[in-house]
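This report concerns only the one structure given below.
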Amino acid sequence: MEFEKIEDFQSKIKRVLVSEEEIKAAVKKAGEMINSLYDGRPILLVSILKGAFIFLADLCREVTVPCEIGFMVAKSYYEGTQSSGIVKITMDLQQDISKYHVVIVEDIVDTGRTLKDVMKLLASRNPLSLRVIALLDKPDRRVVELEVDYSLFTIPNHFVIGYGLDCGEYYRTLPYIAEFSEE
Ligand code: 5GP
């Protein structure tokens, strides 16, 4: 993706779908839900890079139960803005998760393939418990059956950017979530 001028970059941000204030309030609420659910028990928050890195950073600072952080890289291969259906784990966790209550922190559930693969892999390692928290959910796009325990926002079928989510590695640093202009 190349931009000759700043206006070209900005023109791809079609409209704001979730504002910075809405994100802040929802992340606070999600942190409170985690604190009351685990009630003092230690947890391992597993972030799927790269899209969830900002969500994880904000969410973990709302968590008051003892909390460790782990990272995985799961790559969904995209053709433009369309999922190809191929998911590959390119970086795995360091922890032996059999001693942990694990919470997967995901950026967006689209077809559901990435999460389904990651959940299957982590479940096979027998964690004490396994839950999923997703920033965004696009249920209209689902192609696999999947239980997401908690999602902060349900959005329509648009390709979105910002708050960790990219297009061609750009736009992750926007403080809000916006619809990407395909034009
Ligand atoms: P799924 O396997 O559910 O189809 O796709 C999951 C991954 O695809 C997400 O973790 C995210 O990295 C990427 N993805 C899906 N929808 C979008 C979207 O609207 N915007 C961006 N930036 N990435 C998306």
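Predicted model only: the values in this text are computed from it and were never measured. Start at 1 and go down the list; that is how both ligands and their atoms are numbered.
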Task: Presence of salt bridge, Lys29 and Glu62, under 4.0 angstrom - done: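 Lys29 and Glu62: not salt-bridged.
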
Per-atom contacts, ligand 1 versus [X] - under 4.0 Å to a heavy atom:
| X | value |
| --- | --- |
| Glu106 | 10 (O) |
| Lys138 | 16 (N), 17 (C), 18 (C), 19 (O) |
| Arg113 | 2 (O), 3 (O) |
| Asp166 | 21 (C), 22 (N) |
| Thr111 | 1 (P), 2 (O), 3 (O), 4 (O) |
| Gly112 | 1 (P), 3 (O), 4 (O) |

- [ ] Check whether any heavy atom of His158 sits under 4.0 Å from an atom of ligand 1.
- [x] yes

TODO: Check if Ile108 has a non-hydrogen atom at a distance under 4.0 Å from any atom of ligand 1.
DONE: yes

TODO: Give a yes or no on whether Val27 and Val63 share a hydrophobic cluster (residues Ile, Leu, Val, Met, Phe, Trp, Tyr; joining criterion: side-chain heavy atoms under 4.5 Å apart).
DONE: yes

Task: Whether over 12 other heavy atoms sit under 6.0 Å from Phe3 CZ - done: yes

TODO: Please answer whether the main-chain N or O of Thr111 pairs with a side-chain N or O of Lys138 as donor and acceptor at a distance below 3.5 Å.
DONE: no

Open item on the list: Just so I know, are the side chains of Asp166 and Tyr171 near enough to count as touching, which here means a heavy-atom distance under 4.5 Å?
Closed with: no

Open item on the list: So for ligand 1, is Cys167 a polar contact partner (N or O within less than 3.5 Å, distance only)?
Closed with: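 So ligand 1 has no N or O lying under 3.5 Å from an N or O of Cys167.
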
Open item on the list: Any nitrogen or oxygen of Val160 lying under 3.5 Å from a nitrogen or oxygen in ligand 1? Just yes or no.
Closed with: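 Checking ligand 1 against Val160, an N or O pair does fall under 3.5 Å apart.
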
Task: Remaining members of hydrophobic cluster (4.5 Å side-chain criterion), Val143 - done: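 Members besides Val143, by chain and number: Val144.
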
Show me, pair by pair, the donor-acceptor contacts under 3.5 angstrom made by side chains of residues 117-137, not counting sequence neighbours?
unit_1 : atom_1 : unit_2 : atom_2 : d
Ser124 : OG     : Leu121 : O      : 2.6
Arg125 : NH1    : Asp92  : OD1    : 3.1
Arg125 : NH2    : Asp92  : OD1    : 3.4
Arg125 : NH2    : Asp92  : OD2    : 2.5
Ser129 : OG     : His101 : ND1    : 2.7
Arg131 : NH1    : Tyr38  : OH     : 3.1
Asp137 : OD1    : Arg142 : NH1    : 3.1
Asp137 : OD1    : Arg142 : NH2    : 2.8
Asp137 : OD2    : Arg142 : NH2    : 3.2

